[in-house]
Peer 1: 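Before I ask anything, here is the structure I am working with.
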Amino acid sequence: GAVVSQHPSRVICKSGTSVKIECRSLDFQATTMFWYRQFPKKSLMLMATSNEGSKATYEQGVEKDKFLINHASLTLSTLTVTSAHPEDSSFYICSASWGTEAFFGQGTRLTVV
Amino acid sequence: QQQVKQSPQSLIVQKGGISIINCAYENTAFDYFPWYQQFPGKGPALLIAIRPDVSEKKEGRFTISFNKSAKQFSLHIMDSQPGDSATYFCAAGRRSGGSNYKLTFGKGTLLTVNP
């Protein structure tokens with residue numbers, strides 16, 4: 001299957017700082033990427049849909065000013081968690097769609113201290 | 001509103017046994033039903049998927065059964081192995097602009113296969 005690379009896999013940051021997570025589709029062009037958040041032993045919660053060259057579409061309840069999404073090219077989408085707080089600590093996962101199939105990155109474990 | 005209901009929440013099976021996980025959906029607009037396998041600390045990986053125009057799909061030890069009228073689908077893992085121990089998510093997808101699909105996930109099933 002297609003490869004989606006997510007970086008970093010783990011990050012620890014101080015409260016109040018911003019963190020950027022990158023998601024790259026390595027062997028195909030992804031016009032749409034999705035960002036999910038997953039709490040321990042819980043399901044994947046869709047945060048936003050990232051569309052290349054246009055603004056992201058956020059799910060209800062997700063603060064767009066806090067979770068900034070940029071999809072500047074067909075192979076790269078970034079999620080920036082701004083002014084991070086301990087409650088933002090979570091596992092963030094991106095996926096890139098190729099037709100019906102969604103390929104997921106390895107995930108990023110964010111810990112805000 | 002939970003659009004995709006998954007059960008059981010956890011499942012323990014002996015090696016060589018059959019693992020069965022069930023999902024039900026509400027929205028008839030869904031037309032793509034994948035199953036994902038996730039190991040701790042990793043992203044989900046596509047296991048097998050089905051479209052509503054077929055009632056069953058088999059790939060190796062993994063089979064999806066689909067009942068369109070009941071709006072239910074299930075994953076069967078035959079000859080379960082300890083290496084199958086993971087969390088399994090069902091999902092239902094529908095088009096979200098263009099040719100891409102937006103997925104709604106079930107809550108997951110933690111499968112443990114005892115040796």
Side-chain angles (χ1 to χ4, degrees), chain A residues 1-7 9-10 21 23 25 28-60 71 74 77 90-111, chain B residues 1-11 21 23 25 29-54 57 59 64 86-112:
Chain A
V3 178
V4 175
S5 177
Q6 189 172 339
H7 179 81
S9 58
R10 290 178 175 272
I21 302 170
C23 180
S25 56
F28 68 102
Q29 294 182 329
T31 55
T32 301
M33 290 186 178
F34 300 92
W35 287 95
Y36 297 85
R37 182 173 181 176
Q38 186 177 33
F39 292 100
K41 298 184 180 181
K42 297 293 183 184
S43 188
L44 290 82
M45 181 191 78
L46 180 64
M47 298 174 65
T49 302
S50 170
N51 301 297
E52 187 268 338
S54 64
K55 291 183 178 181
T57 304
Y58 290 82
E59 295 299 304
Q60 190 174 7
H71 195 153
L74 287 171
S77 175
S90 191
F91 193 54
Y92 293 88
I93 311 173
C94 70
S95 77
S97 282
W98 179 250
T100 55
E101 291 195 39
F103 300 95
F104 286 82
Q106 309 94 311
T108 297
R109 171 72 60 194
L110 170 63
T111 304
Chain B
Q1 180 185 5
Q2 185 184 349
Q3 294 195 52
V4 180
K5 295 182 179 180
Q6 183 172 347
S7 63
Q9 190 173 353
S10 62
L11 179 63
I21 305 171
C23 280
Y25 63 98
F30 290 133
D31 63 355
Y32 174 63
F33 303 91
W35 284 90
Y36 288 86
Q37 179 188 58
Q38 185 180 30
F39 292 104
K42 303 293 183 183
L46 178 66
L47 201 57
I48 186 172
I50 198 168
R51 293 280 208 168
D53 53 349
V54 297
K57 183 175 181 179
E59 290 184 2
I64 298 180
T87 299
Y88 292 81
F89 293 96
C90 65
R94 57 190 176 104
R95 288 189 184 278
S96 173
S99 60
N100 292 297
Y101 274 68
K102 182 175 177 180
L103 298 176
T104 300
F105 285 85
K107 290 193 172 183
T109 296
L110 177 62
L111 171 65
T112 302

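Keep in mind that the numbers below use all heavy atoms, side chains included, and drop hydrogens, waters and symmetry copies. In what follows, chains are A, B, ... by sequence order, proteins preceding strands, each numbered from 1.
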Peer 1: Would you mind telling me which of B:P44, B:A91, B:P34 has the largest number of heavy-atom pairs within less than 4.5 Å of chain A?
Peer 2: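 Looking at each of B:P44, B:A91, B:P34 in turn, B:P44 comes out on top.
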Peer 1: So what's closer than 4.5 Å to chain B heavy atoms on A:L46: side chain, backbone, both or neither?
Peer 2: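 Just its side chain gets close to chain B.
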Peer 1: Heavy-atom pairs under 4.5 Å with chain B - which of A:R109, A:Q38, A:M45, A:K42 has more of them than the others?
Peer 2: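 Highest number of heavy-atom pairs under 4.5 Å: A:Q38.
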Peer 1: Strictly distance-based, threshold 3.5 Å: is any side-chain N or O of A:Q6 a donor or acceptor partner for the main-chain N or O of A:C94?
Peer 2: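 Looks like yes, one N/O pair under 3.5 Å.
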Peer 1: If only atom types and distance count, is the side chain of A:S97 paired as donor or acceptor with the main-chain N or O of A:A102 below 3.5 Å?
Peer 2: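 Side chain of A:S97 to backbone of A:A102: no pair is present.
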Peer 1: Give, as side chain, backbone, both or neither, the part of B:L46 having an atom under 4.5 angstrom from any heavy atom of chain A.
Peer 2: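 The side chain, not the backbone.
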Peer 1: With only heavy atoms counted, which part of B:Q38 is less than 4.5 Å from chain A, the side chain, the backbone, both or neither?
Peer 2: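 For B:Q38, the contact with chain A is made by the side chain alone.
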Peer 1: Where does the angle between the aromatic ring planes of A:F104 and B:Y36 fall among parallel (under 30°), tilted (30 to 60°) and perpendicular (over 60°)?
Peer 2: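 Ring orientation, 0 to 90° scale: perpendicular.
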Peer 1: Which residues pass the side-chain hydrogen bond (donor to acceptor under 3.5 Å, both in side chains) test with A:E59, not counting sequence neighbours?
Peer 2: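 Listed in chain order: B:K102.
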Peer 1: Could you check whether any side-chain heavy atom of A:V4 comes within less than 4.5 Å of a side-chain heavy atom of A:C23, counting everything from C-beta outward?
Peer 2: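 Yes. Closest side-chain heavy atoms under 4.5 Å.
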